[in-house]
Every structure is written in C-alpha cells, then in structure tokens.
Colleague: 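So that we are looking at the same thing, I have put the structure below in structure tokens.
Residue numbers count from 1 along this sequence. Note: hydrogens, waters and symmetry copies are ignored here, and every other heavy atom, side chains too, is used.
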Amino acid sequence: MLTILRRYGTLIGFAAILIFFWASLPDTFMTARNWLNISQQMSMLIVVAAGMTIVMVMGDFDLSVGSMASLAGIVVAIAFTQDYPIWAAVTLAILVGLAAGAANGFLISFIGILPFVATLATLTMLSGAAFVVSGGKTISGRVIPEPFGNFAREGVSLGDWGGVAVTLPNLTIVALVVVGLIWVLLEQTTFGRRLYAIGGNIEAAHLSGVAVRKLKLIAFALTGGTAAMAGIMYASRVASANPTQGSGLMLNAIAAVFLGSTLSEHGEPRLLYTIVGVLVLGVLDNGLTQMSVDSYVRQILVGGIIILAVSTSSFTRRMR
C-alpha cells in the first residue's frame with residue numbers, strides 16, 4: 001500500500017479530481033471544447049514548467065522566471081511601438097530571456113552565489129526593469145499588430161466532434177513543440193544525462209569530467225528562454241503587455257515540477273511527470289473557476305495539494 005501510494009498517489013488524486021468535477025459539472029467539464037480550452041490556459045505554464053525542469057534536474061531552481069516572462073512581454077510590445085516586424089520583436093524578447101537566464105547561470109556557477117539568492121536578486125531586477133521600460137503602464141491597443149494578437153485566438157481545425165467544430169489552439173501547439181524538444185534534450189542526449197549526473201552528485205560529476213559550470217550556464221539560459229517564450233505567448237493571448245502579467249508563473253511552475261517528481265521512483269524531476277503536475281493544477285483551476293470558487297480559495301487548495309503530495313512521497317520514502 002505504501003509503495004502504491006508513493007508511486008501513484010498523485011495520479012490517484014488527479015483521478016479523484018477528474019471524477020469530482022465530472023460529477024459536479026456534467027454538461028461542461030468533460031467536453032472536447034473545455035479540454036482544449038484547458039490546454040490553451042495551461043500552455044504558458046507548460047512552457048515555463050518545462051524550462052524549470054531543466055534546472056531542477058540539477059537540484060537548482062529559478063525564482064526569476066515570472067519576472068522574465070513579464071519583461072519579455074514588455075520587450076515585444078515596446079518593439080512593436082518602434083515598428084519592428086513580428087519576427088524581429090519576438091526574437092528580441094527571446095534573446096532578452098536567454099541573456100537573463102545566462103546571467104543567472106553565471107552568478108550561480110562561476111561566482112558561486114546560491115540559486116535562491118541569485119535568482120531572487122534577478123527577480124527583483126527584472127521586475128523593476130519591466131516597470132522602467134513600460135513606464136508602469138499596460139501596452140495595448142493599435143500598437144499590437146493584429147496578426148500577433150490573432151495567433152493566440154486561432155488554431156488548427158480538428159473537424160466536427162459531435163456536431164461541434166473543434167480547433168486545436170496555436171498556443172497548445174507551441175507548448176507541445178517546446179515539450180517535445182526539451183524531452184529529447186533531457187532524455188535522449190548526452191547533455192541531458194550530464195544534467196542528471198550533476199543533480200545526482202555534483203562532485204562525482206565534476207570528477208568524471210563533466211563541465212559543471214558550463215552546463216549550468218546553458219541550463220539557466222534555456223530556462224530564461226522558455227520563460228520569455230511564455231511571456232510572448234501571454235502577450236499574444238491578451239493582445240497587451242503589463243509589468244506583472246507573469247507574476248504567477250514561477251510558483252506554479254515549481255509546484256508542477258514538485259508534483260511530478262512524486263511520480264518518480266527516486267523523486268527526481270522528469271519532464272513528462274512535470275506535465276502531469278501541470279495537468280493537476282490546470283484541471284483544478286478550471287473546475288473551480290466553473291464552480292465560481294473564489295481565487296483565494298483556489299490558492300489554498302493548490303497549496304494543500306502540493307504539501308500533501310510532497311509529504312506523502314517523503315513519508316513513504318522514509319518508511320521504505
């Protein structure tokens with residue numbers, strides 16, 4: 001029983017959540033349209049959580065991803081005010097995220113600052129930069145190109161399902177592509193195996209010839225790039241940008257990775273398990289929203305689920 005609870009407790013809890021909302025919302029919850037809507041709502045979190053998995057594989061974490069996302073959205077919007085084409089504005093925003101992530105990696109791996117301290121400092125700096133660049137205002141209106149805003153509202157048609165036209169959102173497609181690329185990077189390449197080696201035993205990895213500092217720098221840069229991509233996706237979805245729009249991504253991304261790690265035999269982060277964690281959070285938020293539950297209550301429930309999942313995993317490991 002303890003083994004089953006440790007390995008499958010999160011999945012059992014997820015199934016219980018699905019059954020509860022299906023019974024409570026029989027007409028709206030378990031429909032193709034709602035699930036595609038959930039996938040679109042979760043797409044930004046999926047991208048950030050996938051990037052967060054890269055650094056958490058090494059035993060590190062990045063507190064600045066939410067501020068990176070906010071700054072990237074501001075950068076792309078400011079670029080539009082300067083008549084940049086869409087591809088150039090998006091490229092510039094992603095480069096900003098890569099540079100900010102690389103700065104985190106440099107502070108942690110070369111300067112030797114603890115990840116908590118380094119990323120907390122850059123979180124504050126990036127948040128301040130977003131306010132400075134935007135003047136503390138939301139950028140919206142005609143300065144946002146119509147094709148950029150339409151991208152998030154459009155998708156690929158999947159035909160008629162039961163007489164209802166179903167469309168796979170573009171943001172969901174982007175998230176799936178990012179997940180596929182990062183899965184290949186972590187699970188099918190030498191780079192990914194070395195990151196897991198660093199997370200398992202950093203001293204042993206170093207003595208084995210792994211370039212720990214260089215790999216950490218690259219890993220944090222990739223995390224910054226995915227955070228920037230999520231910020232761009234959010235700006236496209238709401239056709240605007242403000243300095244705080246990515247503020248909720250960091251905690252949810254870390255929570256998703258922790259939830260997913262409870263499914264791993266050794267408690268290590270795995271990308272596909274992280275996606276399960278995102279699903280738990282996304283489905284819970286969608287169902288509670290449909291039931292008109294206050295957002296503060298949702299936060300309490302999400303926090304409780306995280307504590308329960310991680311505590312159960314820790315307890316069963318000790319018992320074993």
Side-chain angles (χ1 to χ4, degrees), residues 45-69 71 97-127 178-179 181-183 185-187 189-230 246 249-264 266-275 277-278 306 310 313-314:
L45 178 57
I46 288 174
V47 171
V48 174
M52 185 69 74
T53 304
I54 298 175
V55 294
M56 291 187 70
V57 158
M58 303 184 299
D60 296 327
F61 53 86
D62 189 344
L63 299 178
S64 65
V65 291
S67 296
M68 284 185 195
L71 180 59
L98 290 170
N104 280 335
F106 178 79
L107 292 173
I108 293 166
S109 59
F110 287 91
I111 305 300
I113 302 176
L114 293 174
F116 177 84
V117 177
T119 58
L120 180 62
T122 53
L123 177 155
T124 306
M125 294 173 65
L126 294 172
S127 178
V178 171
V179 167
L181 292 175
I182 293 179
W183 181 83
L185 182 70
L186 289 178
E187 303 292 341
T189 66
T190 302
F191 176 82
R193 288 193 290 274
R194 288 175 177 173
L195 292 187
Y196 278 105
I198 294 172
N201 190 320
I202 189 171
E203 292 298 331
H206 177 71
L207 294 175
S208 299
V210 175
V212 175
R213 290 180 176 180
K214 179 181 177 181
L215 291 178
K216 282 198 172 191
L217 181 67
I218 296 173
F220 274 95
L222 292 174
T223 300
T226 56
M229 187 174 297
L249 289 173
M250 179 268 290
L251 289 176
N252 285 335
I254 294 177
V257 180
F258 272 126
L259 277 174
S261 66
T262 63
L263 297 172
S264 175
H266 301 291
E268 61 185 3
R270 293 284 179 178
L271 181 58
L272 296 183
Y273 295 157
T274 294
I275 303 306
V278 175
I306 295 167
V310 176
S313 177
S314 177

Colleague: Under the side chain to side chain contact (heavy atoms under 4.5 Å, CB included) rule, collect the residues that match up with A230, sequence neighbours excluded.
Modeller: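 Side chain to side chain contact (heavy atoms under 4.5 Å, CB included) check on A230 returns M44, V47, V48, L249.
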Colleague: Let's go through V179 and I46 carefully: what are the C-alpha distance in whole Å and the side-chain angles of both, what is the deciding distance for side-chain contact (heavy atoms from CB on, under 4.5 Å) to 0.1 Å, and is it a yes or a no?
Modeller: CA-CA 8 Å; V179 167; I46 288 174; 3.4 Å; yes
Colleague: Can you see which heavy atom on M250 is nearest to which on G66, and at what distance?
Modeller: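 Distance-wise, the nearest heavy atoms are CB-N, 4.1 Å.
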Colleague: Can you tell me which residue pairs pass the side chain to side chain donor-acceptor pair (under 3.5 Å) test with a partner in residues 110-122, sequence neighbours excluded?
Modeller: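 Listed once each, the pairs are N104-T122.
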Colleague: Please, which pairs that meet side chain to side chain donor-acceptor pair (under 3.5 Å) have at least one residue in residues 217-230, sequence neighbours excluded?
Modeller: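 Listed by first then second residue: nothing to list.
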Colleague: For E187, which residues count as a side chain to side chain donor-acceptor pair (under 3.5 Å) partner, sequence neighbours excluded?
Modeller: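 For E187 the side chain to side chain donor-acceptor pair (under 3.5 Å) partners, ignoring immediate neighbours, are Y196, R270.
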Colleague: Does atom CZ of F116 have more than 12 heavy-atom neighbours from other groups under 6.0 Å away?
Modeller: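 Open: at most 12 neighbouring heavy atoms sit under 6.0 Å from CZ of F116.
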Colleague: Which heavy atom of F61 sits nearest a heavy atom of V55, and at what distance?
Modeller: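 What the structure gives for the nearest pair is CA-CG2, 4.0 Å.
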Colleague: Just by modelled atom types, is the G192 backbone N or O under 3.5 Å from a matching donor or acceptor in the T189 side chain?
Modeller: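 It does hold such a pair.
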Colleague: For L195, run the side chain to side chain contact (heavy atoms under 4.5 Å, CB included) check against I218, V212, I54 and tell me which one passes.
Modeller: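 With L195 as partner, I218, V212, I54 yield a single side chain to side chain contact (heavy atoms under 4.5 Å, CB included), made by I54.
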Colleague: Would you indicate whether the side-chain heavy atoms of I254 and L63 approach each other to under 4.5 Å?
Modeller: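 Yes, at least one pair of side-chain atoms sits under 4.5 Å.
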Colleague: Residues two or more places apart in sequence or in another chain: which of them pass side chain to side chain contact (heavy atoms under 4.5 Å, CB included) with A102?
Modeller: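 Counting only residues at least two positions away or on another chain, A102 forms a side chain to side chain contact (heavy atoms under 4.5 Å, CB included) with L217, A221.
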Colleague: Within the side chain of S127, is there an N or O that forms a donor-acceptor pair under 3.5 Å with the backbone of T124?
Modeller: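 Here the side-chain-to-backbone pair does not exist.
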Colleague: Which residue pairs pass the salt bridge (charged side-chain N to carboxylate O under 4.0 Å, His left out) test with at least one member in residues 190-203, sequence neighbours excluded?
Modeller: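 Not a single pair qualifies under salt bridge (charged side-chain N to carboxylate O under 4.0 Å, His left out).
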Colleague: Can you pull out every salt bridge (charged side-chain N to carboxylate O under 4.0 Å, His left out) where at least one residue sits in residues 52-63? Sequence neighbours excluded, please.
Modeller: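 Only D60-K216 qualify under salt bridge (charged side-chain N to carboxylate O under 4.0 Å, His left out).
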Colleague: What's the shortest heavy-atom distance between A49 and V257, and which atoms?
Modeller: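 So the minimum-distance heavy-atom pair works out to O-CG2, 3.9 Å.
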Colleague: With sequence neighbours left out, what residues match I111 under side chain to side chain contact (heavy atoms under 4.5 Å, CB included)?
Modeller: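 Listed in chain order: F106, L107, I113.
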Colleague: So, for A219 and M58, which heavy atoms are closest and what is the spacing to 0.1 Å?
Modeller: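 Taking every non-hydrogen atom into account, CB-CE, 3.6 Å.
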Colleague: Between T53 and L186, is there a side-chain heavy-atom distance shorter than 4.5 Å?
Modeller: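 In short, these two side chains touch, coming nearer than 4.5 Å.
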